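Down below is the structure, laid out as structure tokens.
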Amino acid sequence: MDKENQIIGYVVPIFRGSQEYASGLSDTEEARMKESAGYMARRNLFTSGLEMERTEQTSRKVSMRQSAEHISLSKRIYENEEYHKCMNEDSLMHAPEFVIKPRSHTVWEKQCVRLHCTVSGWPDPRVVWYKNNVTIDPMARPGKYKLQSSYNVHSLQIDRCDFDDTAQYHVSAMNSSGELSTFASVVVKRFKGEVDETLPMPRHGIVSEYGITFETHIVDGFGVSFGREGETMSLGAMVIISPNLARYQPEVQWYRDDVLLQPSKWCQMHWSGDKATLTLTHLNKEDEGLYTLRITTKTKYETYSAYVFVRDADAEVEGAPGAPLDVTCQDANKDYVIVTWKQPAVDGGNSILGYFVDRCEVGTTHWSQCNDTPIKFARFPVTGLVEGRSYTFRVRAVNKSGMSRPSRTSEVVAAMDPADRARMRGTSAPWTGQIIVTEEEPAEGVVPGRPKELEVAEATKNYVVLSWKPPGERGHEGIMYYVEKCVSGTDSWQRVNTEIPVKSPRYALFDLAEGKAYRFRVRCCNSAGVSEPSEATEATTVGDKLDIPSAPGRVVPTRNTATSVVVSWEASRNAKELVGYYIEASIVGSKKFEPCNNKPVKTTRFICHGLVTGESYVFRVKALNAAGLSECSQESEAIEVKAAIASPTPPYGISILECVRDSMVLAWKQPTFIGGADITGYFVDYREVINGVPGKWHEANVKAVSDRAYRVSDLKENRKYQFQVRAANMAGVGIPSLPSETFICEEWTIAVPGPPHDLQVTEVRANTLVLLFKPPVYQGRDPVNGFYIDIKEADAEEEAWRGVNEKAISTNYMKIKILKEGETYVFRVRAQNKAGVGKASEPTEPVLAETKPGTTEIVVDIDDDGVISMNFACSNLTPDSKFVWSKNYKEITDETRITVATSGEKSKAIFNMPAEDDIGIYSCAVTHTNGESSSYTLSAEELRKLLEISHDHKFPIIPLKTELAVELQEKGRVRFWLQAEKISANGKIQYVFNDNTLSQGEKYKMNFNKETGVIEMIMESLLQEDEGTFTFQLQDGKATNQSSLVLIGEVFKQLQKESEFMCKEWHRKQGPHFVEYLSYEVTPECCVFLKCKVGNIKKETVALWYKDGREVKGDGNLTFTEGVLNLEIAQISKRDAGVYEIVMKDDRGKDTSTLNLTEQGFRDLMNEMFSHIAKSSTALKIQSTEEGIRLYSFVSYYNEALQVTWHHKDSAIAFTDRIKSGVVGEQLWLQITEPTEKDKGKYAIEFHDGKGGLKRTVELAGQAFDDAYAEFQRLKAAAIAERNRARVAGGLPDVVTIQELKALNLTCNISGDPVPEVVWLKNEREIVSDDHYIMKFESGKYASFTITTVNTTDSGKYSILVKNKYGTESADFTISVFSPDSKK
């Protein structure tokens, strides 16, 4: 493979595990051994005590000597073996043997351990390493295991050991002569208090899920993601594990840049049983990198990876740099720590002047700045910490525009002596207890010795860092240090820290003169005294010792995907302490570079994502270390962003289309993957097969063939051959296909045709598709005259093939319309001639009947020039996609009749001269897509319609919503207007009157609203000379139209009259005026109101009412809100007829309104009132009286002018003495005296109101008449009896007072027929006439009562009782007799 053109990028960790256990043990035995070994190793973690806690210290010389001896020994062994191999190979073969066996190790957590051994044997043994009897695959955990083999020396290195690495390891060597294994144990110890309580406890017994093979698939994974600082991002993927056991949970791990992630406040992990999610709660640039999801089951695992990019948050100050990143603390001591960080990729457009370091004590929220002036070096020693307290740090960058946002805070670091930290920490064995280290009792104070190994650890122009080792003689008391300096060349030593001694064996000196040379020394001190000074350092010149790296070398971009490019470059030369590289990209011509990564990468290859497809970019690279960023590399060559190409996959489905004596015609199917570029051709190879043994391959064609069919010549008759085909594109020739079946080269003699070939499916929709094919190469005895299409479901049996067409088709294509949505089909084609139907073609690939989202169809369009075109759009284009137009499924290459134009995602086929020759099926297919295609059938009828529309477009007319019309506006202005349905802003209007063009002026005001299409011309008034024809002429490009309005004769006069009237009305309304003129209103209560509505009044406006020229008192109060004036006429009569007038006036003018209520006006008013009266009338009712029967109706108000007519049997009644009508109050009645049978029937009363009138009816017949007549007879008899009954008409007093001895005579009138009988009573007893009481009844009318001589006994209650056959009546009176004496 051409390595120069190889696609390269960041390294995705490939966990090739997915590998079955290969220990050779049964599942149960292997589980038991793995579990037991792990548990025993943990249980015995500390049983061996400190004997297993050895630390080997080997000097450099000893190490080099041992290495040289090892190499020499290995070389001698190798040469010896090679010598004996040459002598006698067979005698030297022997089983593997371990010359040096691996030994066991006990290490601290996070340290590295290496197991190595030397193996001999012939042939060279194959060496395999195992952990708890499970094969170790270094690719399963990248960076964890490293296997090396050289000169029969084999090693296993375990990096960053953790507790899970405590296990039994063994190495197996195997060759053809035998196999040998040896064992070693590794115990990983952990510091006290750092036991991970989440570690699983050892399991005992049989693991139920062990022995099950799990299949794991990661679907719906996360892609390359882009975020911004401060945002939250979630990465997730669906995981399908088969079989699905409810109790079983796989191991889910997330990695960033090959480093296992642990849950923290910055990242949270969630497993829901079928979905793994990683949430980055607060993005920072430290979170940028390659994220890998690893799902591990008992037997295999799957991984999925994608890159996450984090961009800088918006700067708080415009032009400020990005925030630094990866702030870490190193070399922490009692009062001192070194803070390091990485420079940001974005400097805000101005060079970064330096950095400020801030610290915050744990438990507080106060940040204090550690340096007063910015430092450029990405490393800074922080002093003045308080021993025993913990701190976090952050860094800010600054340029001339301002300060950046602070970085993410560092991990917490404690200010304490590392030795004290080690003494204070014990070790803890999982599940077994703890080991605690205690200090000895303090002894008597001793003056400490000199500090040792003083050196300048770091020197920059801002500071110098000294480091040393404590003295050996210091007793058990803590010590502190004094640092002294002197200028080189002098012997004047000056103590630097005079006030506070240093507690840490580290010290940073600031404020040194740049460029000067200094020497340094250190003294120890404690309560017993100050030591002698250490040996002075060599002279150290203040200045930066670490140089900024040089610019990277040549930058080479390579295509990768449609939105990414692989960038590789030459590393910076002689770069010291290189941190990584930043890559920047710029669109060609923009001269604006944007960072591709915000976290430095250490490799010299990187994939830049998020680029715009089709754009051309240039790239440059910067290197960085603690000293700063290098100059930019030279810009790369420009590269267009599009998917990289590769050689195509092999073709397949090789079949024979024709065979003659010395040649065969092959056909094959296109590769499933064409490599991102068009296939330029195919190469065919063949080989002869003799007695089942294939021979050597031979090239059939030197020049590539473009068709998927080829005739292989120069073959030998009756020989057997196999064929293979290779596809080629611009990337190269792909690998060959699998060898075909063995075919015999013998001439075909069958009569029927051979199979069609090159079947293609296009225009797939939910219920239809189009099948294309090529006719058979072998025609048979007669020419092919038709084809049959067969169909079946993809998963159906062979017997399920069925025909699509009953009658053979003659074309090489067919639209199939019998599909069911969601079903998958395969198709084949058979050809026929006169001899019959030939062999079926090879079936197509399965095709799913569905309409894919975003599918578009060909759209026919006719532009404004009448040009007819077919348009097709595709949104899924790739950079290499092309639109291919065909007619009757043959590509259009001659543009005589059709011209094809393509722009972006759209393509159109334009008819040059549409005619009958253009009738047919037109299709468009887009290459390098997932089958984007469509077709359009142009029939004769469709062509006729298109030509008609084209003609209308060539000679267009501006459509009008309305024709020219006229209307009157305020002041009597005349408006001519029309509205165009569609007219552009460039449209032009010409106004014409009687063939004369009008122009804008005082008389004519023209206006054209381009948004609504309304065109208008306004004239202030119409004069006599304005009589004629008005025309609006419109022009918009080629489109024209006009509309005219004729105003002559009566039409013009009427319009002119209305205009003048509206003008007068406008002037009238400038003062007080009538909005509604005087009118009348009749209320339901029959009151008449004269009313009018006025407007534009003010406080001084007055209103005067007049009748027949004389002022009357009316409503003259104008302080109203409704603006309505009323004059009430109650109980109107003829005397109220007359002419009414109201006058409104003030200083602005006056207005008059008149209402004529005489003759017809008054009659109309009265008729309206009569109408109200009629409507208020009640239903006609029947009432019996002693004279006869009365019909009556009530009204709410009666007016003497009201006219009514009574009807009997629909005829007006002629009134007589027996039948009369009248009015009593509001009652209108009809009296029928002594009714007879003739009086039966329907009666009605008709109210006259000058219009239709109103009738109220009642039926006096049947039971209604009988009841009324009977009641009449009863009332009549009662009246007779009442008239003829006996009664006392009057004459008798109520009380009579009389003196004793006087005479009393009382007389009363008596009536009755017959003459009544008369009886007188005293105190309820009848009185008989005698001398004392004389009672007479004369002439049947007069009754008298006489007491001749009144005495006291005559006092009492007297009554007269008269009676005859009709009744009885009595009258009472009282007589009181007194004596003269008693009165006195």
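From a predicted model like this one, the values you see are computed outputs, not experimental measurements.
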Stepwise ring-ring contact (aromatic ring centres under 6.0 Å, His included) test for Trp129 and Tyr169: CA-CA 7 Å; Trp129 290 86; Tyr169 294 82; 8.2 Å; no
- prompt: Is NZ or CZ of Arg294 both nearer than 6.0 Å to the six-membered ring centre of Tyr255 and within 45° of the ring axis?
  reply: no
- prompt: Regarding Arg359 and the six-membered ring of Phe393, is the cationic atom NZ or CZ under 6.0 Å from the ring centre and inside 45° of its axis?
  reply: no
Using atom types as modelled, flag every donor-acceptor pair under 3.5 Å from a side chain in residues 216-223 to any protein atom, sequence neighbours excluded.
none

- request: In sequence, state the C-alpha distance, the side-chain angles, and the governing distance for Leu283 and Trp266, and then conclude on side chain to side chain contact (heavy atoms under 4.5 Å, CB included).
  value: CA-CA 8 Å; Leu283 284 178; Trp266 305 117; over 6 Å; no
Report yes or no: do [X] and [Y] form a side-chain donor-acceptor pair below 3.5 Å?
{"X": "Ser590", "Y": "Ser586", "value": "yes"}
{"X": "Asn876", "Y": "Thr929", "value": "no"}
{"X": "Asp274", "Y": "Ser272", "value": "yes"}
{"X": "Thr409", "Y": "Thr392", "value": "no"}
{"X": "Gln253", "Y": "Glu251", "value": "yes"}

Looking at side-chain heavy atoms only, is the closest gap between [X] and [Y] below 4.5 Å?
{"X": "Val186", "Y": "Thr166", "value": "no"}
{"X": "Lys602", "Y": "Leu578", "value": "no"}
{"X": "Trp569", "Y": "Ile583", "value": "yes"}
{"X": "Val565", "Y": "Thr558", "value": "no"}
{"X": "Lys265", "Y": "His282", "value": "no"}
{"X": "Ser568", "Y": "Thr604", "value": "no"}
{"X": "Thr613", "Y": "Leu611", "value": "no"}
{"X": "Thr365", "Y": "Cys360", "value": "no"}

Electrostatic pair [X]-[Y], nearest N-O below 4.0 angstrom:
{"X": "Lys622", "Y": "Glu584", "value": "yes"}
{"X": "Asp165", "Y": "Lys131", "value": "yes"}
{"X": "Arg256", "Y": "Asp287", "value": "yes"}
{"X": "Asp159", "Y": "Lys144", "value": "no"}

Hey, does the side chain of [X] reach the backbone of [Y] with a donor-acceptor pair shorter than 3.5 angstrom?
{"X": "Gln343", "Y": "Asn625", "answer": "yes"}
{"X": "Asn598", "Y": "Val310", "answer": "yes"}
{"X": "Ser410", "Y": "Cys329", "answer": "no"}
{"X": "Ser633", "Y": "Val621", "answer": "yes"}
{"X": "Ser407", "Y": "Val395", "answer": "yes"}
{"X": "Asn371", "Y": "Val357", "answer": "yes"}
{"X": "Ser630", "Y": "Ala623", "answer": "yes"}

message: Take a 6.0 Å sphere around CZ of Arg228 and say whether it holds more than 12 heavy atoms from other residues, nucleotides or ligands.
response: yes
task: Decide if atom CD of Gln369 counts as having more than 12 heavy atoms of other residues, nucleotides or ligands within a radius under 6.0 Å.
output: yes
query: So Glu850 and Lys852, salt bridge (Lys or Arg N to Asp or Glu O under 4.0 Å) or not? Walk me through it.
result: CA-CA 6 Å; Glu850 67 169 354; Lys852 296 178 181 177; 5.6 Å; no
Do [X] and [Y] have ring centres separated by under 6.0 Å?
{"X": "Tyr307", "Y": "Phe606", "value": "yes"}
{"X": "Trp341", "Y": "Tyr355", "value": "yes"}
{"X": "His609", "Y": "Phe309", "value": "yes"}

Considering non-hydrogen atoms only, spot the tightest contact between [X] and [Y] and give its length.
{"X": "Tyr582", "Y": "Leu629", "value": "CD1-CD2, 4.0 Å"}
{"X": "Leu385", "Y": "Ala415", "value": "CB-CB, 4.0 Å"}
{"X": "Pro344", "Y": "Gly322", "value": "CG-O, 3.3 Å"}
{"X": "Val612", "Y": "Tyr617", "value": "N-OH, 3.1 Å"}
{"X": "Ile587", "Y": "Glu615", "value": "CG2-OE1, 3.6 Å"}
{"X": "Ser404", "Y": "Ala323", "value": "OG-CA, 4.0 Å"}

- request: Start with the C-alpha gap between Tyr145 and Leu156, add the side-chain angles, then the distance that decides, and say whether side chain to side chain contact (heavy atoms under 4.5 Å, CB included) holds.
  value: CA-CA 7 Å; Tyr145 301 107; Leu156 166 65; 4.0 Å; yes
task: For salt bridge (Lys or Arg N to Asp or Glu O under 4.0 Å), just list the numbers for Lys285 and Asp312, CA-CA rounded to whole Å, side-chain angles, deciding distance to a tenth of an Å, and then say yes or no.
output: CA-CA 7 Å; Lys285 288 179 287 189; Asp312 283 288; 2.8 Å; yes
- prompt: Listed by chain and number, what are the side-chain hydrogen bond (donor to acceptor under 3.5 Å, both in side chains) partners of Asp358, not counting sequence neighbours?
  reply: Arg394, Arg396
message: Applying side chain to side chain contact (heavy atoms under 4.5 Å, CB included) to Gln330 and Thr340, what does each step give before you reach the verdict?
response: CA-CA 8 Å; Gln330 300 175 357; Thr340 66; 3.7 Å; yes
Side chain to side chain contact (heavy atoms under 4.5 Å, CB included) between Tyr391 and Val386, worked out: CA-CA 10 Å; Tyr391 298 88; Val386 179; 3.5 Å; yes
- prompt: Given Glu286 and Lys599, is the salt bridge (Lys or Arg N to Asp or Glu O under 4.0 Å) satisfied, shown in steps?
  reply: CA-CA 7 Å; Glu286 289 86 346; Lys599 183 178 179 181; over 6 Å; no
- request: For Ser234 and Thr279, run side-chain hydrogen bond (donor to acceptor under 3.5 Å, both in side chains): C-alpha distance rounded to whole Å, both residues' side-chain angles, the deciding distance at 0.1 Å, then the answer.
  value: CA-CA 4 Å; Ser234 290; Thr279 301; 3.3 Å; yes
- request: Could you walk me through whether Glu316 and Arg405 pass salt bridge (Lys or Arg N to Asp or Glu O under 4.0 Å), step by step?
  value: CA-CA 7 Å; Glu316 296 177 347; Arg405 293 176 179 268; 3.7 Å; yes
Spatial distance of atom CZ (Arg311) from atom CG (Asn597) [nearest 0.5 Å]: 12.0 Å
